[in-house]
Structure formats: structure tokens, C-alpha cells
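Please read the structure below before turning to the comments.
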There are 2 protein chains.
Amino acid sequence: MPDSAAPVSNLGFAILGLLARRASTGYEVAQRMRQPIGYFWTARHSQIYPELNRLDAARLVEHEVIEGAGPRPTKRYRITPSGQTALAAWVVGDLEPQPVRDLEVLRLWSIWTVEPDAAHDLIGRLEGAHQSALDRYLEELAEISDLPGVRDPSKPLFASRITLEGGIRSRRTALEWCAWMRAELAAAVR
Amino acid sequence: MPDSAAPVSNLGFAILGLLARRASTGYEVAQRMRQPIGYFWTARHSQIYPELNRLDAARLVEHEVIEGAGPRPTKRYRITPSGQTALAAWVVGDLEPQPVRDLEVLRLWSIWTVEPDAAHDLIGRLEGAHQSALDRYLEELAEISDLPGVRDPSKPLFASRITLEGGIRSRRTALEWCAWMRAELAAAVR
DNA sequence: AGAGACATGTAATCTGTTACATGATTCG
DNA sequence: CGAATCATGTAACAGATTACATGTCTCT
């Protein structure tokens, strides 16, 4: 039984999910959780190193010291059996509705305060951002879709594929919505 | 010219957007920015009162003391002309790609660690959450869609309508995605 | 008389970003 | 020899949540 009384944060579960796929150094975890696709969650190294130490103290991960560059010892972390148990329990746990927080939609909510030309331009830029995100996701999906295990629900690649598919669908929908908004603006300007 | 050197936070612009639509007390701002639909941004009163004071100090809003309940004076805030200018400038300003941060997708990314039955159940619960959000959005849209100004891009109701439309489209897409994921799970379990 | 909405604040804590700090190895 | 990458940490600050604190008015 692990040291209880130590609640794991969302970031902690993100890291456990990463390490369940493959053992990594803190540096590698930071690379994988960075731009442009950190699989729908991001964090900086300054947040990751302390969190790894907490997970380590809670025995949800363990580390071995390996040789590597840098002034301090390089550590490779791997998830422990109790880490895997905790991760699986979190995955199927209660999901309370999380607050929506979208800065771009917040902007659009005040779009009535600006001139139609500026509004049109803003939506165009939004469209560009969604398009490039979509392109990246499609590329990622193409890279994994022929790999073995991609259709097996007990394999990590299955989960990568379905979350990527979700990203693709939502970006496509956002693009359609942008086109619709342009049309709504044009209809009124007429 | 307002006191410069005072950068306004995203929360500040959310509040300015609210006050641009109608003058409110801090309490009313807090009600409007609460669950279930805070128009894609939420905040608690403990964050709102200090922010209102900062906006007030920067002359982006002003207040009058009115009579009301409570141990302290009740204040009604309204946006100032320079507040409107600042809001409009923010709306058309640069949009740097914001980091994706979705806790439900993060869960799904580790769904391969659990049994197919539990995975199926999780997706069912996700579907229920999206469905109830969709229902709320549809109700909201029905309430405003016959009001005057709803098709005029210079009116707040236009912006309410297009952001609500975005919410509806994204929830519908999420529901389709959930159905697709169930099918993918079933195909493999076969 | 008690519950609940109205009304405004502060304090403690947690989460996340930016900036500071150090130093080895590899490639051009 | 300089730049980039590998590698790990801490400190200061900003943003957000939870809890503490107070007191009135209205309805049942």
C-alpha cells in the first residue's frame, strides 16, 4: 500500500500516463509535454521536476540514476505497479463537469464592439490557427495509423489514435463554424 | 489617456465585456460568470472584487454607490469610454496560440490502461455530460433567437448567438466522437 | 425564527509561468 | 570556439480555488 494522504494532481496523472507508455528522464517528459502537441495537456520543466519528486515520494514512480550530461545526476523514471493502479483508478473515476475556459471564444463574445472589417479579419486569423492545428494532427495520425496495436484498446496507440481523432473532429468543426460566422457577418453588412 | 503601465488580465477583459453589455454590481458580475454557462469563462467572487477595484483604479470602469443589503456599501459598476476602447483593442489584438488543456481528453489518453467494460462506461458518462451541456446551450439559444438585434453584428446579442452556436457545434461533434469511440471499442472486443 | 438570496471583502493555498542558475556533450 | 541540446533544479510572481468573515433583507 502506498503512502496514502498524498492526493495526486492532474499534472501528476498526466505524467503517470506518459511514464506508463514508456520510461523517461524528466527532460524527456518535459519534451513530450511541450508545444505543439502535448496530447491536450502542457507543462514546463519547472513544474515537472518537483512533481516527479512528489510521485517518487508517493512510490507511484521509481527512478534509477543513469549516466548523462548535466551538473546533477540524470534519472530515468518508470511507473510502479501502484502507480499503474492509481492511474487506472483515476481514469474511470468520477468526472465532475469542468469549467469551460476558452480565451478565443471570450474574444468573440465581445466582437460586437469592433468594426465589421476588423471582425472579419479576426475570424480569418482564427481560421488560420485552427487550420494549422488540424494539419499537425493529421500528420500525427498518419504517422501512427499503420503501426501495430493501433486498433487494440489495451494498447497506448489505440488511445493516441482516438484522442487525435477527437482533436481532428473538433478543429474541423471550428473551421466550419468560422466559415459560418463570416457568412453571418457578410449577410448583415450587405 | 488612462493610467498606463497597468496591464489588464484576461479576467479583466471578461469583466469589461460583461459591463459593456450592462452595468452591474460585483455580485451580479459573479452570478453571470458562474456555472453552468458563464459564456466560456468562469470566475469566483473572490477573484472578481479585487479585479473590479483594479479596473476602477485604471479608470476602465467607474462606480456609483447605491443602496442595498450587506455590511459594506453596494456599488454599481459601468464601463468608461476608455474601458470600451481598451476592450475593442484587445478583441482585435494578436492571438497567440493558446495551450490546449482538456482534462477529459487527458483521461481518454490513458484509457488503454482499463478494462473495456470500464472504458465503455466512461465514454457513456462523457456522452451524458456533453448532452446536458448541449441541451442547456440549445435552450439559451432558443431564448435569444427571436430578440431584436440578434442578427446585427454591432449588437451584443449577435455575439451571444455566434458563441452559443460555436458551443452547440462543438458539443454535437463531441457526441459524434463519443459514438465513434464506442464503435471502435466494440469492433475490437468482438 | 430560520433559510436563502443579496452583497462585499480578505486569507491561505494550489497551480502554472517566467526567470534565474549551473554545467556537460555534440555538432558545425 | 560558439551554439544547440541534454539535464536538473529553485525563486518570484501571477492566476485561480477554497475557506473565512460579516451583516441585511425577504419569504416561509
Side-chain angles (χ1 to χ4, degrees), chain A residues 5-15 19 23-35 38 40-58 61 63-77 96-103 106, chain B residues 5-15 19 23-35 38 40-58 61 63-77 96-103 106:
Chain A
V8 180
S9 65
N10 292 331
L11 172 64
F13 288 116
I15 294 174
L19 295 179
S24 301
T25 63
Y27 185 85
E28 284 164 354
V29 170
Q31 297 302 304
R32 294 166 77 188
M33 289 191 73
R34 229 193 31 180
Q35 303 256 51
F40 315 98
W41 200 267
T42 55
R44 310 295 172 93
H45 79 272
S46 61
Q47 220 185 339
I48 289 165
Y49 288 115
E51 186 66 33
L52 278 169
N53 285 326
R54 282 188 285 270
L55 293 173
D56 206 345
V61 303
H63 71 267
E64 59 175 329
V65 175
I66 58 171
E67 66 233 54
R72 270 169 288 261
T74 298
K75 299 172 209 158
R76 178 173 306 283
Y77 289 92
E96 56 253 50
Q98 43 164 36
V100 187
R101 196 172 217 77
D102 189 323
L103 194 58
L106 184 64
Chain B
V8 179
S9 66
N10 292 331
L11 172 64
F13 289 116
I15 294 174
L19 295 178
S24 300
T25 64
Y27 185 85
E28 283 164 355
V29 170
Q31 298 300 306
R32 292 166 77 189
M33 289 191 72
R34 230 192 29 177
Q35 303 254 49
F40 315 98
W41 200 266
T42 55
R44 310 295 172 91
H45 79 271
S46 61
Q47 223 185 336
I48 289 165
Y49 289 115
E51 186 66 32
L52 278 169
N53 285 328
R54 282 190 285 269
L55 294 172
D56 206 344
V61 304
H63 72 267
E64 60 175 329
V65 174
I66 59 172
E67 67 230 53
R72 272 168 288 261
T74 297
K75 298 171 211 160
R76 178 173 305 283
Y77 290 92
E96 58 255 49
Q98 43 164 36
V100 186
R101 198 174 216 74
D102 188 322
L103 194 59
L106 184 64

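Note: hydrogens, waters and symmetry copies are ignored here, and every other heavy atom, side chains too, is used. Proteins come first, then strands; the chains are lettered A, B, ... in the order of their sequence lines, and each starts at number 1.
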Just to verify, what does A/Arg76 make a salt bridge (charged side-chain N to carboxylate O under 4.0 Å, His left out) with, not counting sequence neighbours?
A/Glu28
For A/Thr25, check side chain to side chain donor-acceptor pair (under 3.5 Å) against everything at least two apart and list the hits.
none
State which residues pass side chain to side chain donor-acceptor pair (under 3.5 Å) with A/Ser24; sequence neighbours excluded, sorted by chain then number.
A/Arg32
Expected string for nucleotides 4-11 of chain C under the B/S/- scheme (protein heavy atoms, under 4.0 Å, primed atoms plus P, OP1, OP2 as sugar-phosphate) is -SBBBBBB
To the nearest angstrom, how far is B/Asn10 atom CG from D/dA16 atom C1'?
12 Å
Measure from CD on A/Gln98 to C1' on D/dA16 and round the result to the nearest Å.
15 Å
Salt bridge (charged side-chain N to carboxylate O under 4.0 Å, His left out) involving B/Arg54 - partner list, sequence neighbours excluded:
B/Glu51
Taking side chain to side chain donor-acceptor pair (under 3.5 Å) as the test, write out the residues that go with A/Arg72, two or more places apart.
none
How close do B/Tyr77 and B/Gly26 get, heavy atom to heavy atom, and via which atoms?
CD1-N, 4.2 Å
End-to-end axis angle, where each axis spans five pairs of the helix from C/dA1-D/dT28 to C/dG28-D/dC1, to 10°
20°
Would one find a side-chain N or O of A/Arg101 under 4.0 angstrom from OP1 or OP2 of D/dA16?
yes
What is the separation between atom CG on A/Leu52 and atom C1' on D/dT10, rounded to the nearest whole Å?
15 Å
A/Leu103 CG - D/dA14 C1' separation (whole Å):
15 Å
Minimum heavy-atom separation for B/Pro99 to A/Thr42, with atom names?
CB-OG1, 3.6 Å
Starting from C1' on D/dT17, measure out to CH2 on B/Trp41 and report it in whole angstrom.
15 Å
Just jot down the side chain to side chain contact (heavy atoms under 4.5 Å, CB included) partners of B/Val8, sequence neighbours excluded, or say none.
B/Phe13, B/Leu55, B/Leu60
Specify the separation, in whole Å, of atom CZ of A/Arg34 and atom C1' of C/dT17.
16 Å
Got a list of side-chain donor-acceptor pairs under 3.5 Å for residues 63-70 of chain A, not counting sequence neighbours?
| from | atom 1 | to | atom 2 | distance (Å) |
| --- | --- | --- | --- | --- |
| A/His63 | ND1 | A/Asp56 | OD2 | 2.5 |
| A/Glu64 | OE2 | A/Arg78 | NH2 | 3.3 |

Can you tell me how far P of D/dA16 sits from CG of A/Leu106, to the nearest Å?
11 Å
Quick one: A/Ile48 CD1 to C/dG16 P, roughly how many Å, whole number?
11 Å
